[in-house]
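Just below is one structure, and these are the notes that go with it.
The structure displayed is predicted, hence computed values, not measured ones. Counting starts at 1 for both ligands and their atoms, following the listed order.
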Amino acid sequence: MRPASRREFLAASLGGVAASVATVGLARAAAAPAAPRGRYNVLFLAVDDLRPQTRCYGCAKMHTPHIDALAARGTLFLRAYCQQAVCSPSRTSLMTGRRPDTTRVYDLQTHFRLHLPDVVTLPQHFMAHGYHAQGFSKIYHGGLNDPQSWSVKHWSPRGPGYLKPATLAAMRQQREKLRAEGKLSRTEVLQRDPKTGQPLKVSRPRFRVRGPAWEDPDVADNALPDGKTADEAIRVLRQVKDKRFFLGVGFLKPHLPFVAPRKYFDLYPHGTLSLADNPFPPKDCPDLALHSSGELRAYSDIPRVGPVDDKKALELIRGYYAATSYVDAQIGRVVDELGRLGLADNTVIVLWGDHGWQLGEHGLWCKHTNFETSARSLLICAAPHQKAKGAKTKALAEFVDIYPSLCELCGLPLPGGLEGTSFASLLDEPERPWKKAAFSQYPRGRYMGYSMRTDRHRYTEWGLLGREPVARELYDHQSDPAENVNLAGRPGNKGLVARLGEQFRKGWRAARPT
Ligand SMILES: [Ca+2]
């Protein structure tokens with residue numbers, strides 16, 4: 001049974017109530033004249049599984065000079081939320097400008113063109129307005145690329161994700177064993193678009209060969225895929241510098257496994273990092289809000305069940321930090337090249353992590369929740385003529401807003417059907433009144449959890465099609481920013497729950513800025 005869509009869920013549960021610097025590279029070289037406002041290039045930087053874990057987000061231990069430099073010339077969104085905290089649903093929502101209940105992409109096997117065959121994606125829209133659109137590495141989820149989004153064939157880095165000989169040998173052995181047992185299966189295409197041949201539905205691989213959750217080979221940056229991606233993006237930037245371009249550059253880290261050159265691990269010496277201070281589920285939290293960290297457990301050095309011990313937890317935290325610094329350096333290389341080519345003054349740069357990540361908070365690893373730790377992610381946008389450079393805005397932003405924002409910043413008309421709001425005006429006025437709430441969702445088995453983040457609260461309902469919500473969560477960010485106590489069932493909060501429930505049922509349309 002598929003999860004209830006928001007509309008169905010609300011209609012059912014409500015009895016039909018309508019649901020509704022490194023600044024070096026940024027210095028402008030003499031060459032290209034600044035474009036008039038309205039026809040900027042776009043450098044669209046997508047980072048897999050990057051939570052707001054950089055120095056510019058207040059994490060003093062982090063070495064992220066290039067992301068910090070980008071924030072210093074742009075706007076950092078302190079409260080930006082993805083619409084569903086897992087790769088493909090989040091990216092699909094962002095790239096189509098529509099929420100998961102419209103794309104109906106809730107998993108990693110469904111292409112958005114199954115239900116929205118004619119939707120115009122963000123780069124496709126730019127392409128229709130004369131831009132050269134080119135994609136590198138992970139913009140859409142693996143196997144679900146969208147050729148219609150790009151002017152030329154999408155490029156992906158080649159080569160293994162691990163480099164240590166012992167790891168590669170162990171994985172080879174594992175693969176041979178699975179093959180001998182007849183268990184090794186590739187992802188299969190279950191449904192194709194009859195006209196384009198594009199995969200619309202793929203199978204879920206039954207068995208995967210996995211190495212350890214982290215590795216620190218002593219290699220150059222471009223021995224690993226993200227370094228190769230930066231190389232290629234730089235090569236193409238030089239090639240397209242005289243065109244109006246939309247370049248989507250995706251980076252695979254800090255997604256598991258945390259493989260990065262050793263020098264990035266050396267930035268975080270043993271003994272200097274600490275564990276999450278809330279490694280337990282929130283008090284009175286429904287089981288539906290939680291998971292068993294299954295994604296992490298697939299790796300060879302992680303126990304299949306039970307807690308991850310402190311030693312391993314610290315290794316994972318260190319690996320995540322190192323992988324983040326590795327990606328930061330690749331971002332720096334690409335952004336610096338933009339400056340060297342004299343394009344800094346006529347290019348909008350947007351950087352986003354596709355969702356948050358639990359590093360042991362709530363006893364959880366990876367994403368896949370409606371908690372702040374998963375729903376909130378990194379978002380930085382820098383536009384050449386913005387007034388408030390280096391500002392940090394507390395405005396509630398949603399990833400579905402990125403599409404209309406880039407259109408507005410580049411002077412493109414908005415296509416119909418978008419479900420976000422341009423945040424371009426926040427780049428000039430970061431303090432202005434903004435959205436009353438941000439919305440995310442996450443399916444759990446037959447249930448869907450819908451979550452609303454207001455200025456002060458996070459309110460979540462878990463439900464099943466045709467039924468009353470089976471669980472509610474309420475966290476007060478004023479007294480409990482880590483979401484450690486679910487207040488939804490407290491008798492004293494009935495009025496608050498009712499008020500938030502009412503706002504929740506009015507949905508994202510009613511939460512838009514006026
Ligand atoms: Ca991801």
Just say parallel, tilted or perpendicular for the rings of Trp150 and Phe246, cut-offs at 30° and 60°. tilted
About how large, to 10 degrees, is the angle OD1 of Asp48, then the Ca ion (ligand 1), then OD2 of Asp354? 80°
From the Ca ion (ligand 1) out to just under 3.0 Å, does an N/O/S atom of His141 turn up? no
Check whether any N, O or S atom of Cys87, backbone or side chain, sits closer than 3.0 Å to the Ca ion (ligand 1). yes
Is the closest side-chain donor-acceptor distance between Gln330 and Asp221 under 3.5 Å? yes
Shortest non-hydrogen contact between Gly250 and Ser137, atoms and distance: O-CB, 3.2 Å
For a quick test of reading the model, state the closest non-hydrogen atom pair linking Asp49 to Asp354 and the distance between them. N-OD1, 2.8 Å
What's the atom name of the N, O or S in Asp49 nearest to the Ca ion (ligand 1)? OD1
